[in-house]
Amino acid sequence: MNQSPLQKARYQYSPKLPGMLRNGISEICVKEGNATQSVADQEKIAALFPNTYGEKEITFEKGENTAAAKKQVVGVILSGGQAPGGHNVICGLYDALKATSKENVLYGFKNGPIGLLEDNYVEFDDAYIDAYRNTGGFDIIGSGRTKLETEEQFAVAAKVCEKHGITAIVIIGGDDSNTNAAVLAEYFAAHNTGVQVIGCPKTIDGDLKNEDIECSFGFDTATKTYSELIGNIERDANSAKKYWHFVKVMGRSASHVALECALETQPNICLISEEVAAKKQSLSEIADYIADAVEKRSANGNNFGVAIIPEGVVEFVPEFKALIAEINELLAGNKTEEFNALGSWEEKYAFIEKGLTAESMAVFAILPQTIQQQLFLERDPHGNVQVSLIESEKLFSALVKDKLTERGFTGKFNALHHFFGYEGRCAFPSNFDADYCYSLGYNAFMLIQYGYNGYLSKVSNLSKPAEEWVAGGMPITKMMNIERRNGEDKPVIKKALVELDGKPFKFFEANRDTWAVETAYTYPGAIQYYGPTEVCDLTTRTLALEKGE
């Protein structure tokens, strides 16, 4: 493989560790905190996790290491979508294992959780690990979305662990993956396997966060990558002065990515899904809001602008949410095959018109045909509309154009469309993510060495320099509640949505009216890896505002 100059240079970068982890493995001790309880549904969660519920939060400090000495054979899994820094979690884990004893072993199970079930693995050595230090992607072993959730799967996993003498499994993933980690940890404890399970908080979406987990890894790099691109588009818009750019950004249901990009770039418009839901805004109201900005800017001679659209926003529009629910019912069971067998769009449209209520049909009818058809594309594994396939950036620009026509708008409105998602998932990790991820992996080994099971590797105080970061762990069950999934009550990690009374949103809310009319763009530029600390180790605006900095 040919290596770019940057890749060669990044191999040499030495990630920074929290102060208490820099003393050497032999000088790290544990301070236990209070017992924990789940964020909600305490009795139900406790009943489901009798062996791992209610454990204490812990913090690592400088002191004598009192962990029992034994050979550690650890397996690591990358689960779910990619996020910058995943390789460094594995590197940190590997380095901590080998710093303790050269006899310790690290296996990487390939292609996600399925690798554990199929016993498909690689044994890491120095040369293998060194080729992936400080690089983006999950290609070191690949990832996958197989869920570990059945007794049969757990039994297979236990047998594979027994075969290799594995003492612990580290699962690097998001909320669903770490929910699976908690369930697997409970199974291993209940069956006295002696295998520990440790999770690491990953997702560019930013929705795996709470009072303990300040930030999921990958969010920093991904939002910086998108913000660079949005800033470039803003500069182009301000140069050409003739286009409105509608930019959809990844983020699944939560709007953390959209909000962070708006704080970084100060666009004219940024929709926040959680606000749309709270205010019960209709498609028409949202289109009017954007059209108002278009008209005001045009009156000032500015027939250009930039609007950021979060990926899942349409799910939060009440009328659209109802439409999607009806479509899911309309195509339930074998009705999908019946629909797909119809020939022309006109025939399919008649089928739809017959099956929807008058209210939902009224919403469906105002949508551009391309969006109508996207609502009937391939279903997800549960038979539901795949909202991420809906080009909401084109939907809103089309609705705005219709609004402007209705108003008799005489200015210019030319729309261009973008979707930024995969561009940020495997970028070279920022210094923050390189440091944070390495620390999470190193810290995960400390949790293993001290015998913890069903814990999430936790590094906090992240808005400060790495020397001041605090390393420790928290029981995964602390983050869980009961939610309805596929007709059943399931224990899951509670997703964190944008808090409308939080400091990041309040700052955005206080400034967006000005940004809507004025050209107040900020151009973040590319991620910087070498240079002044205030440039290279800059944290996200979200984290800085949350910590009052």
Side-chain angles (χ1 to χ4, degrees), residues 223 225-252 255 257-273 275-276 281-298 302-317 320 366-375 387-407 409 411-424 508 512 515-517 519-523:
T223 54
T225 301
Y226 302 146
S227 294
E228 176 200 353
L229 297 173
I230 293 168
N232 293 349
I233 285 172
E234 288 178 335
R235 182 77 83 174
D236 188 273
N238 197 20
S239 299
K241 300 188 186 301
K242 60 180 180 179
Y243 295 116
W244 266 86
H245 294 264
F246 285 73
V247 183
K248 183 172 77 170
V249 292
M250 200 171 265
R252 204 164 48 177
S255 299
V257 172
L259 178 57
E260 172 62 24
C261 291
L263 295 171
E264 290 279 2
T265 63
Q266 301 183 181
N268 305 107
I269 296 290
C270 178
L271 303 181
I272 302 297
S273 301
E275 183 182 28
V276 169
Q281 291 176 309
S282 67
L283 290 175
S284 179
E285 289 171 334
I286 296 171
D288 272 323
Y289 167 64
I290 301 174
D292 288 345
V294 173
E295 282 197 315
K296 290 175 182 177
R297 289 183 58 75
S298 180
N302 297 320
N303 290 300
F304 65 92
V306 174
I308 297 177
I309 312 294
E311 181 180 28
V313 66
V314 290
E315 286 185 287
F316 289 78
V317 178
F320 207 92
I366 67 170
L367 303 177
Q369 184 174 317
T370 54
I371 303 298
Q372 291 175 340
Q373 292 172 336
Q374 286 167 12
L375 286 167
V387 176
S388 62
L389 297 180
I390 299 171
E391 296 176 307
S392 48
E393 70 278 21
K394 293 183 180 179
L395 167 62
F396 285 109
S397 76
L399 294 176
V400 168
K401 185 176 182 179
D402 289 343
K403 286 289 183 182
L404 294 171
T405 300
E406 290 173 12
R407 297 180 182 189
F409 176 66
K412 296 178 181 178
F413 177 73
N414 298 306
L416 295 177
H417 308 95
H418 315 266
F419 173 38
F420 297 148
Y422 294 98
E423 294 85 348
F508 166 73
R512 63 179 169 187
W515 299 349
V517 180
T519 304
Y521 303 149
T522 301
Y523 313 115

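What you see is a predicted model, and the numbers here were worked out from it, not measured in a lab.
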(request) Fit a plane to each ring of His245 and Tyr243, take the angle between them on a 0 to 90° scale, and name the class: parallel (under 30°), tilted (30 to 60°) or perpendicular (over 60°). (result) perpendicular

(request) Drop me the distance from Ser392's OG to His417's NE2, to the nearest 0.5 angstrom. (result) 10.0 Å

(request) Measure the CG-CZ distance between Asp236 and Phe304 for me, rounded to the nearest 0.5 Å. (result) 10.5 Å

(message) Is any side-chain heavy atom of Glu391 closer than 4.5 Å to one of Gln374?
(response) yes

(message) To the nearest 0.5 Å, what is the distance between NZ on Lys412 and NZ on Lys241?
(response) 13.0 Å

(message) Do Val294 and Phe409 make a side-chain contact, defined as non-hydrogen atoms from C-beta onward lying under 4.5 Å apart?
(response) yes

(message) With rounding to the nearest 0.5 angstrom, report the OG1 to CD1 distance, Thr522 to Ile230.
(response) 12.0 Å

(message) By the definition side chain to side chain contact (heavy atoms under 4.5 Å, CB included), identify the one residue from Ile309, Leu395, Val276 that meets it with Ile286.
(response) Val276

(request) Taking all non-hydrogen atoms of both residues into account, name the closest pair between Ala516 and Ala293 and its distance. (result) O-CB, 4.2 Å

(message) Using a strict threshold of under 4.0 Å (side-chain N to carboxylate O), is an ion pair present between Arg407 and Asp288?
(response) yes

(message) Counting C-beta onward and ignoring hydrogens, is there a side-chain heavy-atom pair between Met250 and Tyr226 closer than 4.5 Å?
(response) yes

(request) Evaluate whether atom NZ of Lys242 has more than 12 neighbouring non-hydrogen atoms of other residues, nucleotides or ligands under 6.0 angstrom away. (result) no

(message) Quick check: do Phe320 and Leu367 have side-chain heavy atoms less than 4.5 Å from each other?
(response) yes

(request) Starting at CD1 of Ile269, measure out to CZ of Phe396 and round the result to the nearest 0.5 Å. (result) 11.5 Å

(message) Please evaluate residues Leu259 and Ile272 with respect to the criterion side chain to side chain contact (heavy atoms under 4.5 Å, CB included), reporting the C-alpha separation (whole Å), side-chain torsions for both, the decisive distance (0.1 Å), and the verdict.
(response) CA-CA 7 Å; Leu259 178 57; Ile272 302 297; 4.0 Å; yes

(request) Please name the pair of heavy atoms, one in Pro368 and one in Ala398, separated by the smallest distance, quoted to 0.1 Å. (result) CG-CB, 3.6 Å

(request) Report yes if some heavy atom in the side chain of Trp515 is under 4.5 Å from a heavy atom in the side chain of Asn268; otherwise report no. (result) no

(message) Taking the six-membered ring of Phe419 as reference, does the cationic atom of Lys248 (NZ for Lys, CZ for Arg) lie under 6.0 Å from its centre and within 45° of its axis?
(response) yes

(request) Return yes when atom NZ of Lys403 has more than 12 non-hydrogen atoms of other residues, nucleotides or ligands closer than 6.0 Å, and no otherwise. (result) yes

(request) Could you pull out the closest heavy-atom pair between Cys261 and Thr265, with the gap in Å? (result) O-OG1, 2.7 Å

(request) Supply the atom-to-atom distance Ile390 CD1 to Gln373 CD, rounded to the nearest 0.5 angstrom. (result) 13.0 Å

(message) Within the 4.5 Å heavy-atom criterion, are Thr370 and Lys394 side-chain neighbours or not?
(response) no

(request) Write down the atom of Val306, the atom of Pro267, and the distance for their closest heavy-atom approach. (result) O-CB, 3.7 Å

(request) Could you tell me whether the side chains of Ser255 and Ser273 share a donor-acceptor contact shorter than 3.5 Å? (result) yes

(message) Using the rule side chain to side chain contact (heavy atoms under 4.5 Å, CB included), only one of Leu404, Thr405, Asn303 pairs with Phe413; which is it?
(response) Leu404

(message) I need the minimum non-hydrogen distance between Gln281 and Val317, along with the two atoms involved.
(response) O-CG1, 3.4 Å

(message) Looking at every heavy atom in both Thr225 and Glu423, which two are closest together, and how far apart are they?
(response) CG2-O, 3.8 Å

(message) Do Arg297 and Trp244 have side chains that approach each other closer than 4.5 Å (heavy atoms only, starting at C-beta)?
(response) yes

(request) Check whether any side-chain heavy atom of Leu399 lies under 4.5 Å from a side-chain heavy atom of Ile290, and answer yes or no. (result) no

(request) Could you tell me how the ring of Tyr523 sits relative to the ring of Tyr521: parallel (under 30°), tilted (30 to 60°) or perpendicular (over 60°)? (result) perpendicular

